2 protein chains.
Amino acid sequence: MTTSRRGRPPAGGRAQILDATYELLRDKGIARLTTKDIADRAGTSEGSIFYHYRTRDGLLSAVIEQALEPLVALRVHGVGGAPLPEILDIFTATVEEFLDRAVVVLFAAQADVDLRAGLHAFLAANADRKPQRGVELIGDHLAALQAAGRVRAGIDVHTAAFLLVSSCVLRVSQPWLIGDTEVPAREATVGTFLAMLAP
Amino acid sequence: MTTSRRGRPPAGGRAQILDATYELLRDKGIARLTTKDIADRAGTSEGSIFYHYRTRDGLLSAVIEQALEPLVALRVHGVGGAPLPEILDIFTATVEEFLDRAVVVLFAAQADVDLRAGLHAFLAANADRKPQRGVELIGDHLAALQAAGRVRAGIDVHTAAFLLVSSCVLRVSQPWLIGDTEVPAREATVGTFLAMLAP
DNA sequence: GTCTATAGGTTGATAGAC
DNA sequence: GTCTATCAACCTATAGAC
């Protein structure tokens with residue numbers, strides 16, 4: 001797992017192939033993604049691709065897993081004692097920043113049952129329910145505030161947290177799915193969410 | 001546009017090809033979708049496919065547009081005077097029922113820039129912002145209730161409506177994107193949403 | 001490790017009989 | 001309208017030189 005080394009990496013190295021594949025996935029889509037196009041964009045030869053990744057699917061899996069790396073590396077920990085607006089601002093910004101890159105591979109994996117199964121297996125083995133635990137964490141914090149009377153009583157705070165995360169997913173996905181359309185800004189969504197929580 | 005005729009349609013007709021393509025898209029994905037597989041599943045020959053749809057892309061576009069048909073046919077109208085819980089229940093159920101079928105083609109279209117561009121153009125030309133107008137409509141109804149004091153003051157009701165629709169999209173998409181995971185039931189989400197709106 | 005050359009198989013699309 | 005037969009292009013993967 002030597003992911004870095006001294007000096008300029010060789011032109012046809014693993015990283016260039018990985019980056020070129022991600023960019024083509026994002027710009028053209030997976031349907032007409034060929035190893036020839038990848039080689040051209042990476043400035044290498046097709047032979048190198050198969051030397052490094054053995055198969056086209058192996059390369060695609062590597063690209064998918066790289067884009068999900070922030071989720072794997074994530075250390076889930078308590079949200080601390082910062083003011084709620086700040087917590088939700090940072091949380092939603094982090095989620096959307098991750099999704100900006102991840103949707104490309106999440107959508108690409110939908111094109112093939114095997115890729116999708118591999119994606120799900122990878123998440124199960126390496127991400128250990130982190131998306132859900134993020135929602136749980138926010139929910140737990142809201143529950144504490146609710147107990148302290150700073151969040152209105154009578155609402156299921158974990159379901160509320162799911163609503164907030166949903167808006168992050170849709171905001172990032174919508175331009176891809178149905179084209180450019182108006183969506184409330186993230187800050188406005190967080191603001192409205194806070195107002196709906198107030199006692 | 002003769003979509004029906006007397007008697008049993010010929011085995012290799014347009015409809016069978018369309019259905020077979022949708023099913024393969026849903027079950028296997030677009031990446032390895034071949035006209036041969038489509039012909040086999042439809043019980044027809046490849047020749048018939050190209051006779052009816054001229055090109056593979058033409059067929060795919062037809063499948064996409066058929067799955068979005070409920071959106072095109074939708075007549076957007078006021079929500080009437082039913083109780084809010086009932087309105088939101090019916091609204092979210094309708095949205096998710098549509099998405100259950102639509103995500104298959106919405107995701108498939110992400111595999112190719114041309115397909116995606118075609119999808120966006122089709123929606124712009126035939127759906128006339130109906131997704132957004134659905135959100136607006138719920139928002140407008142909430143605004144009226146807010147003016148009547150039955151929804152708490154100080155919240156942006158249109159952003160709130162966006163939160164609710166987001167949860168529908170994520171609930172339907174999540175099994176595809178990250179695999180089977182716990183998600184709050186639709187009824188629970190609507191219930192929590194209502195509780196957050198109460199004055 | 002990277003390249004070139006090429007094999008081997010698949011794919012979308014066409015032609016022409018029925 | 002549907003079928004069979006066929007083709008030309010393309011794509012993944014391998015072999016072997018450097």
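Letters A, B, ... mirror the listed sequences (proteins, then strands); counts begin at 1. Please read all numbers here as calculations on a predicted model, not as lab measurements.
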No-hydrogen, no-angle side-chain donor-acceptor test under 3.5 Å, A:Thr92 and A:Arg186: yes
Taking the side chain of [X] as heavy atoms from C-beta outward, which of [options] is closest to it?
{"X": "A:Thr34", "options": "D:dT12, D:dC3, D:dG1", "value": "D:dT12"}
{"X": "B:Glu46", "options": "C:dG12, C:dT2, D:dT12", "value": "C:dG12"}
{"X": "A:Phe50", "options": "C:dT2, D:dC3, D:dT14", "value": "D:dT14"}
{"X": "B:Ser48", "options": "D:dA13, C:dT2, D:dC3", "value": "D:dC3"}
{"X": "A:Thr35", "options": "C:dT11, D:dT12, D:dT2", "value": "D:dT12"}

Gap between atoms [atom1] and [atom2], on [X] and [N] respectively (whole Å):
{"X": "B:Arg54", "N": "C:dA13", "atom1": "CZ", "atom2": "P", "answer": "9 Å"}
{"X": "A:Lys36", "N": "C:dT6", "atom1": "NZ", "atom2": "P", "answer": "16 Å"}
{"X": "B:His52", "N": "C:dA13", "atom1": "NE2", "atom2": "P", "answer": "16 Å"}
{"X": "A:Arg56", "N": "C:dT10", "atom1": "CZ", "atom2": "P", "answer": "15 Å"}
{"X": "A:Ile30", "N": "D:dT12", "atom1": "CD1", "atom2": "C1'", "answer": "15 Å"}
{"X": "A:Tyr51", "N": "D:dA17", "atom1": "OH", "atom2": "P", "answer": "17 Å"}
{"X": "B:Leu60", "N": "C:dA13", "atom1": "CG", "atom2": "P", "answer": "10 Å"}
{"X": "A:Ile49", "N": "D:dT12", "atom1": "CD1", "atom2": "P", "answer": "9 Å"}

If you find the nucleotide of DNA chain D closest to A:Arg32 and the one closest to B:Ser45, which residue's nucleotide is nearer the 5' end? B:Ser45
For B:Leu33, report the nucleic acid contact type (base, sugar-phosphate, nothing); a contact means any heavy atom under 4.0 Å.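 Since only primed, P, OP1 and OP2 atoms lie under 4.0 Å of B:Leu33, the category is sugar-phosphate.
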Axial cation check for B:Phe107 ring with A:Arg116, 6.0 Å and 45° limits: no
Lys NZ or Arg CZ of B:Arg101 over B:Tyr22 ring: under 6.0 Å, within 45°: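 Flagged: B:Arg101 positioned over aromatic ring of B:Tyr22.
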Is A:Thr44 close enough to C:dC3 that one of its side-chain N or O atoms is under 4.0 Å from OP1 or OP2 there? yes
Taking NZ, NE, NH1 and NH2 as the nitrogens, is one of them in B:Asp114 or A:Arg32 under 4.0 Å from a carboxylate oxygen of the other?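 A:Arg32 and B:Asp114: salt-bridged.
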Is the shortest side-chain N to carboxylate O distance from A:Lys28 to A:Glu23 below 4.0 Å?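 Salt bridge absent between A:Lys28 and A:Glu23.
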